Amino acid sequence: MTRALEGYIRPEITGTPFCPGCGHGSLMGTILRAIEDLGWDMDDMLFVSGIGCAGWIPSPHFNADTLHTLHGRAIAFATGAKLVNPDLRVMVIGGDGDLTSIGGNHLIHAARRNIDLTVICANNMIYGMTGGQAASTTPVGCFSSTTPQGNPYPPFDLCKLLEGAGARYVARFAITQPLELREAIKKALTLTGFTFVEAVSPCPTQFGRRNRIDQATGMIRYLQEHCLPKEEATGSEGPDKIITGEFVGA
Amino acid sequence: MSEATTQQVTASLPEGRYFFSGNEAVAEGALSAGCRFYGGYPITPSSEIMERMAARLPERGGVFIQMEDEIASIASVIGASWAGAKAMTATSGPGISLMQEGIGYAVFTETPCVIVDIQRAGPSTGQATKVGSGDIMQAKWGSHGDALPIALSPWSVQEMFDLTLQAFNLAERFRVPVYLMGEEATAHLREGIRVPERVEVVERNRGPGDPFGTDEPDGVPPMPAFGDGQKLLVTGSTHDRRGFRKTDDPETHRVLVERLHKKILNHAAEIIQMEAYHLEDARVGIVAYGFTARSALFAVNRLRKEGLPVGLLRLKTLWPFPYETVEALTGSLAHCLTFEMNMGQVSGEIQKVCRCPLSVTTQVNGTIISPLTIERKIREVLS
């Protein structure tokens, strides 16, 4: 049973490059379980990623066509491939910095055009690979290597951004909600059009240790304490709350 | 190793003569070559290419998309190429600048694609509607690292058609981005051109085989497409023959970068094209390319009628640069002249191998170099 997903990983792969406590390995498993649930053939799938820790979730691990592109541009590469071969099931996997900062323009335009892509944004609220710099998703006041006095700028609410841009399906769950996340990914994959799932993922190495949540378990606890299902939200929550659920196309 | 294949196919229009602008001819050349994807962003003076492709490509079963910027345009082209389509974009200098990271990715991942650069007078926004040739060095050196794309230089509307077609063929044959270095003057010039009934097109080798390495140090590996079941592993990081990232291995990086150079340079004789006019007995020779070569030929023909020993070497391929030909030619000349609509970009390459005195004339005012300017300069040298 523990080797059930082995066929979804290239035979040459013996491990992942992710730090201890990183949520991306868990997200990788959740994505593959969603594909397994759907019974999809990996030969029909194309995984496109950019630069950053999350760009390594599919490349080189997934046993399918994988296109590891430039920082920020994965969605634009994916658009070309999907339009030429509509039979490909195309998933873009990237981090928050990759997809929503340097790649923000491509994200909103692909949503506006309703290109038939599923985009999974692994949001760890920080630039992990480059050493913990502030991202467009870093909460106000949080410390990073480029906000030593605390982040002065508010983050994007990615789900509101994508809703405004016209995405067909928009959901946010943390990797501490694996069952909901898996169902959201399945729904995103099966719906036609531009679908977006924000997967909040802990980064104890870069985010946690600068914000006094040094332990991997501390980051998990942080997510559990800060995530609030949208059904329970009153609208008067502070900016530190992470509202989860399906926001468009539920 | 199997090779790319050559086929005769029907051109995009019925055989005959057409009165086209250069930009229209580019679009028909691309369609005749089998282009199936265009991703682009509007920019003067190239936009007519995009507009014609928007109308014509869907008629021929292809896909047209106007992307949100030039960065996305080249990215979409690369994605389309890996999905199995012959793919292109067209832009001008500012767009080429934005595309450079993507073009470097295409070089490193060996992605066939065609990039049409309708050059205008730069730098920056410059004279957006006026002619220039300021992107020659950008085509070669614009991307970081040692990339080696191919660049072609058309001088007529007919060649906007012919060389666009050849650009696709070279891209497919060598798995490399190929630039068509057009100029505003040729792009907006209207001339009669002949579209043949059939054209020769190259189809890429889709494998099987390792997609990123060959046993030969200068080989072109096969390129399967997404969806072929090959579980392709494409990355812009240093990769081994199968595509696995090997960013810490000095040897993998060296072998890859050197092969990407050798696959072009060792096949330079197959790639490089040029034309010689009256050079057999010339004492004074001009080396020119693009629209400027038209003026140069006009001037040379006039002076030849007076019996003056002048000739012209017209470069159709700018990268890889024909150093050997230029070296041999200048060894037999008393004087070499160049004329460029930039501050001497190609002249610098000629200088590297020139074996006779070299006079460089540059003109960066957004107008073409007139035959009279060239004629006067030649007379100066001969007097």
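Every chain is numbered from 1 and lettered A, B, ... according to where its sequence line falls, protein lines coming before strand lines. A quick note: this is a predicted structure, and the numbers were derived from the prediction, not measured.
Heavy atoms of other residues, nucleotides or ligands lying less than 6.0 angstrom from OH of B/Y41 number 12 at most. Taking a 6.0 Å sphere around CZ of A/F156, one finds it holds 12 or fewer heavy atoms contributed by other residues, nucleotides or ligands.
The greatest number of non-hydrogen atom pairs below 4.5 Å with chain B, out of A/A64, A/G103, A/P58, A/G55, is found for A/A64. No other option in A/T79, A/L70, A/D87 has as many heavy-atom pairs under 4.5 Å with chain B as A/L70. Counting heavy-atom pairs closer than 4.5 Å to chain A, the top-ranked of the candidates B/E101, B/K231, B/Q230 is B/K231.
Considering every non-hydrogen atom in both A/T66 and B/F226, the closest pair reads O-CE2, 4.4 Å. Closest approach of B/A80 to A/V84, counting heavy atoms only: CB-CG2, 3.5 Å. In plain terms, the two heavy atoms of B/A83 and A/N85 that are nearest each other are CB-CB, 4.4 Å.
Within the 4.5 Å cutoff, the side chain of A/R10 has heavy atoms near those of the B/L233 side chain.
Within the 4.5 angstrom heavy-atom criterion, no atom of B/V77 approaches chain A. For a residue to count as touching a neighbouring chain, one of its non-hydrogen atoms must lie under 4.5 Å from one of that chain's; by this rule A/L83 touches chain B with backbone and side chain alike. Residue contact with chain B, scored on non-hydrogen atoms closer than 4.5 Å, is absent for A/D44. If you measure heavy-atom distances from A/L46 to chain B, the contacts under 4.5 Å come from the side chain alone. For B/I65, the part lying near chain A is the side chain, with the backbone staying farther off; criterion is any non-hydrogen pair under 4.5 Å.
Of the residues A/H109, A/R112, A/R113, the one that meets the side chain to side chain donor-acceptor pair (under 3.5 Å) test with B/E68 is A/R113.
A distance of 5.0 Å separates CZ of A/F77 from OH of B/Y105, quoted to the nearest 0.5 Å. For the atom pair CG (A/D65) and CG (B/D228), the distance works out to 8.0 Å, reported to the nearest 0.5 Å. With rounding to the nearest 0.5 Å, the separation of OG in B/S76 from CD1 in A/I115 is 10.0 Å. Between atom CD1 of residue A/I51 and atom OG of residue B/S237 there is a gap of 5.5 Å, rounded to the nearest 0.5 Å.
A donor-acceptor pair under 3.5 Å is absent between the side-chain atoms of A/R73 and the main chain of B/I74, judged by distance alone.
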Go through the steps for B/R242 and A/E12 under the test salt bridge (Lys or Arg N to Asp or Glu O under 4.0 Å), then give the verdict.
CA-CA 11 Å; B/R242 296 175 55 210; A/E12 298 84 354; 2.4 Å; yes
